[in-house]
Every structure is written in structure tokens, then in C-alpha cells.
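Just so you know, ligand 1 is whichever comes first in the structure, and atom 1 is the first atom listed for that ligand.
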Amino acid sequence: MEFLSNRVNRIQPSATLEMTSKAAELKRKNLPVFNMSVGEPDFPTPSHIQAAGIFAIQNGHTRYTPGGGTRDLKVAIQKKLKRDNQLDYALDEIVVSCGGKHSLYNACQVLFQKNDEVIVFSPYWVSFPDFISVTGAKPVFVKTNKKEQFEPDFIDLEKKITKHTKGIIINSPSNPTGGVWSNQAIKRVLDLCKDRKDIWIFSDECYEQLTYNVPFKSIASFEPNNKNILTFQSCSKTYAMTGWRIGYIGGNKKVIQAIAKLQGQSTSCPNSIAQYAAIEALTGNQACVKDMKNIFLKRRDLILSYIKKIDNLECEIPNGAFYVFPDFSYYLGSKDKDNNILQTASDLSLYLLNDTGVVTVSGDSFGAPGHIRLSYATSDELIGNALRLIKLSLKKLIF
Ligand code: PLP
């Protein structure tokens, strides 16, 4: 007899976290591992932020805080959103959660339910469909144009907006593609929703500080009076703080209040020490953000130069985040030395793992069959070694 709830059976384990644990398993066996699957900066948390965390521990910032975050952190977030994104949110329009993932999960919980449809653009971040499904709502997938930074296919989008549509989730810069949408594409989406006050527009901006040679513009800044746009940001990628777990939302007061209530009855509050350190991250010296971004840009160009040297691999130039998302379709249907046919990108990703120790994430889990995601949030040396190994390994495939 099935004893687990339908709710939990509606969702899948996180594919990216699964690859992280596969890499750890290889490492435990002392096998060489080249981890290109990581979704986090490889830098330590900047020292001034570490110091704020230590100060918090030693000075009593170690107790429960309000469910939606401390007032001081909300003030810091308010300043940051004004400084970097030209967004004006009142303090009661801001809520702090245990990471951006928690923010997105909770917003889906308070807004969506059975019979609702929520639009997600493919390729999508692995967690979006599950955040939606767990509420009982239905994720609806819209195609994108890979030649245009994975902007929406507007014909498909118009078709998929129905009377049941309750939300649209936008993630630019994107995980897994690194695509950054143009202002024109964003305006077009907003225009399509202008007469639909029942549609919530989620803007997942967790990579907002990581755009290369193109400016970033927060979606809510296009329509400052549009109360249906929710802005999601996080300290994770911007300040190399993935383990601290601080994310936040700016948006409609009623939604924000509902999320704070839900948190009060689930996690109680975000970690008090991390909240204290996040104030320093958001309002302290921002030089570290630029320094990390400059390194990522160099690595992006480095990995693209290696990809160019691999036959039959197509890869767009991503304008943001720290991923490349090449199309490996040419290699599907080939065989390895034991005559196993590599039918899908997942088969290919597993083949690369076993043959070379290079850990990647298959596009199958991002709704992009044929593609494989490679993260360049790792050293130049590892990027070089991994890409050389991939090249050799693909050469061994039999057609
Ligand atoms: N949104 C996207 C697109 C992501 O890639 C991630 C993390 O990988 C998150 C949100 C959540 O990050 P965090 O929960 O660490 O803030």
C-alpha cells in the first residue's frame, strides 16, 4: 500500500543535487573527479561577510527572529534593491527566506493550487516544475529560441496563456542556459499580461549580478506600478553564500504576509546568523561581486574556446550566470566500446562520468533533450582538463 502522500509523489528528486552526490561517491572511492555540475561559486564567502557571521555568533544574534526576517535585514534589502535595481519596496513588501529556492517554493505554495496553470520556459531550472506540481497546479512549458539567448517563442507563449494561467516564471539570467533576455522580450511578456491581473509574474533574479557585456534590468523596474510582479533574489550566487541560505522577495504586501505566515509555521525563521551576515553582504563593500564576476567572464570565454575545438558540438554564447549549455544531439544514437547505445543526453552524461570522471548534468532534467549543462564555476585548470577529456571521450564513440 502506498503510504506516501500524493503531494510528495508528484515531485522528482533534484537532478543537480543527485549529480553532486554521484561526484562525492567517486571521490570517496579515490577516483579522479572533474566536477562540472556545480551550481555554486567555488570562491569562499568574502572575508568581511565571514567576519559579520562570526560577530553574530559571538554577540548574541543566535535567537529566533521574526518569521519573515529581521527588520535590519529588510532595511538592507530595501537599500540594495534601490541601489542596484532601481526598485522601491516598502519594508512590508519584503520577506526573507532560507535561500532563493525556499522563497520560490513558498511563493508557489501561497499562490497556486489545483486547476491553476503556471508557465515555465524550457529549458528551465530543474526545480520550477516541482515547485508548481507539489501545489497541485500544472506546469505548462513554453518553447524558447536558443539563437536568441533562449527568449520565449512568442507564438507558443500566446497559445499557452489560458484562462487558467495563474503564474509565469521568468529566470533571466537563466540556469541552465546562461541566457539573458533582452528588454524587448521582457516588455513583450509584460504586454501580453497587461489585462490579466490574475497572473503573477515571478522574476527569479538570483544571477542578477552575473551578466557579461550586457546590462541587467530587474523586470519589476519596467513597470514600477505593476503589483503582480514578484522579484526573487538571493545572496547565494552573488556573494558565494550558497550554504548560508538567505534569499528574499520584493512584491505585493498580501503575498509577502502570506509567505511570512507560512514560514512562521514551517521553518520559524531564516537562520539568525546568516541574516546578520547578509546585512554586511548587501550593504558592505561590493568589490567582491565585481571581482568574482570578472573571473567568471574569463572562465566563460575559456570554456567556450575549448568547446569550439570539439567536433559537432553546438554552443550558444551565454550572456550570464555560470553555465554553458551545448547541444550534444549529434552524439545521440552512437555506441560505446561495449556496444551500449547512448540514446539520450542522460546516457551520454553517464557515459562521460564513467569514462572520464567528468560530472555534468543532462539537459533531460531541464526539459532540453540533447543538451548537457556544464558549469564553469570552477578553476581554469579543471575546465581545461575536463574539456580535453570530453573531447577524447566523444572521439571514442562508434557510429
Ligand atoms: N533559482 C535558480 C535559477 C537557481 O539556479 C538557484 C540555485 O541553483 C536558485 C534559484 C536558488 O538558489 P538559493 O536557494 O541558493 O538562493
Between [X] and [Y]: side-chain donor-acceptor atoms closer than 3.5 Å:
X	Y	answer
Ser174	Trp125	no
Gln12	Asp130	no
Glu40	Ser236	no

In the protein, which heavy atom is nearest to [atom], and how far is it?
atom	answer
atom 11 (C) of ligand 1	Lys101 N, 3.6 Å
atom 9 (C) of ligand 1	Trp125 CH2, 3.3 Å
atom 15 (O) of ligand 1	Ser236 OG, 2.6 Å
atom 1 (N) of ligand 1	Asp204 OD2, 2.5 Å

(message) I want to know whether Tyr323 and Phe296 have ring centres closer than 6.0 Å.
(response) no

(request) Kindly say whether the aromatic ring centers of Tyr276 and Phe55 come within a distance under 6.0 Å. (result) yes

Proximity to ligand 1 by part of [X], non-hydrogen separation under 4.0 Å:
X	value
Arg245	side chain
Lys237	side chain
Tyr207	side chain

(request) Check each atom of ligand 1 against the heavy atoms of Asn171 and keep those under 4.0 Å away; list them by number with element. (result) 3 (C)

(request) Can you sort out which atoms of ligand 1 are near Gly99, meaning under 4.0 Å from one of its heavy atoms? (result) 14 (O), 16 (O)

(request) State whether Asp116 and Lys138 are salt-bridged, where the test is any N-O pair (Lys NZ or Arg NE/NH1/NH2 against Asp/Glu carboxylate O) under 4.0 Å. (result) no

(request) Identify which of Ser234, Cys206, Ser174 has a heavy atom lying nearest to atom 16 (O) of ligand 1. (result) Ser234

(message) Strictly distance-based, threshold 3.5 Å: is any side-chain N or O of Asn171 a donor or acceptor partner for the main-chain N or O of Asn175?
(response) yes

(message) When you compare ligand 1 with Gly100, is there at least one nitrogen or oxygen pair between them that comes in under 3.5 angstrom?
(response) yes

(request) Report the distance from atom NE2 of His48 to atom SG of Cys288, rounding to the nearest 0.5 Å. (result) 4.5 Å

